[in-house]
**Q** 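Before anything else, here's the structure in question.
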Amino acid sequence: MPTPHIEAKKGEIAKFVLMPGDPLRAKVMSEKFLENPKLVNKVRNMFMYTGTYKGMEITIAASGMGNPSMGIYSYELYNEYGVENIIRVGTCGAYNKDYRPYSIFNTKDSFGESQFAKIVTGKDEAILPASKQLYDAINQTAEELGIPMLHGRAHASDVFYRSDDSLKLAQEKHLDVAEMETYALFANALRLQKQAGALFTVSDNIVTGEVTTSEERQTKFVKMFEVALETALK
Ligand code: HPA
């Protein structure tokens, strides 16, 4: 400590971490929700803030985009900083035509299309589960807060601009939403025997073409942070 990618000192990262992909969302959400947020990492502008939420120490740390970036940060947080729980809080595209923008989705498992899991766990599994304990706690929290929650399988895609028929793949592999980071996060959690979960706000519908506007995103994506923070208190 520090690591090649994180300059935080020992003790500056909480045991419970929320990970949005976007560094600026990490900043805005930390300033909104955390008391006394302190910037503990700015290497590569991958902002990480530690503060307290209702008395509990929490870090909100950006992951960057894609499995390789999430793979680096989640590994260092778990392995070097002693983090126990990570909830990814991100956006996703919906493969299910009935999922409306701004719906919230709790990831039961993740489908990956890379060698990431094989390389880190030795097992060539295309589908990796979220930690049951966190998955259940997120569902329970949402129910208590009266926030409707969708559930299912995320496609942790390695390619945003694809030329294959992703809807056909979604049908074959029972994929509900597309994002780009959960496969690496879940693989690292399994390898290191840590807890990992992933919450998404639907930003677009891949079937219907429905999209969100950038100003609405700023306010409406706040709900999933509330669910993640209240889950941390359990
Ligand atoms: N694909 C991958 N990641 C995403 C998408 C998508 O369609 N929408 C939001 N994140």
Side-chain angles (χ1 to χ4, degrees), residues 18-29 46-47 60-74 86-117 126-128 130 138 147-188 196-225 227-228:
L18 270 50
M19 293 190 84
D22 176 0
L24 284 180
R25 188 159 291 143
K27 178 178 192 292
V28 171
M29 290 300 133
M46 205 60 76
F47 302 141
I60 302 183
S63 68
M65 286 187 285
N67 285 304
S69 185
M70 170 59 96
I72 290 169
Y73 291 107
S74 59
I86 295 178
I87 300 181
R88 162 155 160 69
V89 272
T91 58
C92 66
Y95 287 127
N96 183 323
K97 69 174 172 29
D98 298 325
Y99 287 7
R100 303 296 311 278
Y102 307 116
S103 313
I104 308 183
F105 180 91
N106 186 10
T107 308
K108 193 161 201 291
D109 52 27
S110 168
F111 172 79
E113 49 199 6
S114 74
Q115 296 280 298
F116 195 99
I127 294 166
L128 302 178
I138 289 168
I147 294 173
M149 187 66 72
L150 302 165
H151 317 91
R153 179 168 296 161
H155 176 197
S157 169
D158 283 327
V159 180
F160 188 87
Y161 296 107
R162 306 178 72 94
S163 57
D164 64 347
D165 183 351
S166 62
L167 289 174
K168 185 162 168 268
L169 179 70
Q171 207 169 30
E172 281 169 15
K173 305 290 182 188
H174 308 286
L175 313 174
D176 299 301
V177 299
E179 54 88 43
M180 306 189 80
E181 291 82 17
T182 49
Y183 192 61
L185 173 63
F186 293 180
N188 280 338
L199 266 174
F200 295 104
T201 301
V202 174
S203 59
D204 52 280
N205 191 300
I206 296 164
V207 185
T208 64
E210 243 187 315
V211 292
T212 51
T213 62
S214 54
E215 63 266 39
E216 271 188 313
R217 260 181 248 158
Q218 287 303 327
T219 50
K220 297 213 174 164
F221 289 179
V222 158
K223 255 191 196 173
M224 72 179 157
F225 278 85
V227 175

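Just so it is clear, the values below take in all heavy atoms, side chains as well, and ignore hydrogens, waters and symmetry mates. Both ligands and their constituent atoms are indexed starting at 1 by order of listing.
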**Q** Please classify the Ser203 to ligand 1 contact at 4.0 Å (heavy-atom distances, strictly less than): side chain, backbone, both or neither.
**A**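 The side chain, only.
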
**Q** Taking Ala154's backbone N and O only, do any of them form a donor-acceptor pair with Thr107's side chain (distance below 3.5 Å, no angle check)?
**A**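 Pair absent, no side-chain N/O of Thr107 close to backbone of Ala154.
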
**Q** Does some non-hydrogen atom of Cys92 fall short of 4.0 Å from ligand 1?
**A**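 Right, Cys92 reaches ligand 1.
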
**Q** Would you call Glu113 and Arg162 a salt bridge, taking side-chain N to carboxylate O under 4.0 Å as the test?
**A**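 Judged by the 4.0 Å cut-off on N to carboxylate O distance, Glu113 and Arg162 do form a salt bridge.
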
**Q** Nearest heavy-atom pair of Tyr183 and Phe111: which atoms, and what distance?
**A**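 Looking at all heavy atoms of both residues, the closest pair is CD1-C, 4.2 Å.
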
**Q** For ligand 1, which is the ligand I care about here, please tell me if Gly93 has any N or O atom under 3.5 Å from one of the ligand's N or O atoms.
**A**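 The answer is yes, given that Gly93 and ligand 1 share an N or O pair closer than 3.5 Å.
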
**Q** Which protein heavy atom lies closest to atom 10 (N) of ligand 1, and at what distance to 0.1 Å?
**A**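 Scanning the protein heavy atoms, the shortest distance from atom 10 (N) of ligand 1 goes to Thr91 O, 3.6 Å.
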
**Q** Counting C-beta onward and ignoring hydrogens, is there a side-chain heavy-atom pair between Asn96 and Val207 closer than 4.5 Å?
**A**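 Heavy-atom side-chain distance check fails, nothing below 4.5 Å.
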
**Q** List every atom of ligand 1 that sits less than 4.0 Å from any heavy atom of Met180, numbering the atoms from 1 in the order shown and giving each element.
**A**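 That gives atoms 2 (C), 3 (N) of ligand 1.
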
**Q** Looking at non-hydrogen atoms alone, which of Tyr95, Tyr161, Phe160 comes nearest to atom 2 (C) of ligand 1?
**A**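 Residue with the shortest heavy-atom distance to the ligand atom: Phe160.
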
**Q** Cation-pi check, Lys220 to Tyr102: give yes when NZ or CZ is under 6.0 Å from the six-membered ring centre and within 45° of the ring axis, no otherwise.
**A**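 Yes; both conditions hold, so Lys220 lies above the ring face of Tyr102.
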
**Q** Taking CE in Met149 as the centre, count heavy atoms belonging to other residues, nucleotides or ligands within less than 6.0 Å. Is the count above 12?
**A**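 More than 12 within 6.0 Å, yes.
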
**Q** Taking 4.0 angstrom as the limit, do Arg153 and Asp176 come out as a salt bridge?
**A**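 Looking at Arg153 and Asp176, the cut-off is not met.
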
**Q** Which protein non-hydrogen atom lies closest to atom 3 (N) of ligand 1, naming both residue and atom, and how far is it?
**A**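 Protein heavy atom with the smallest distance to atom 3 (N) of ligand 1: Glu179 CA, 3.5 Å.
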
**Q** When you measure from atom 7 (O) of ligand 1 to every protein heavy atom, which one gives the shortest distance, and what is it?
**A**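 Result for atom 7 (O) of ligand 1: Ile206 CD1, 3.6 Å.
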
**Q** Among all the protein's non-hydrogen atoms, which is closest to atom 4 (C) of ligand 1, and how far away is it?
**A**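 In this structure, atom 4 (C) of ligand 1 has Ala178 O, 3.5 Å as its nearest protein heavy atom.
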
**Q** Any atoms of ligand 1 less than 4.0 Å from a non-hydrogen atom of Asp204? List them with their elements.
**A**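 Heavy-atom distances to Asp204 below 4.0 Å select 7 (O), 8 (N), 9 (C).
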
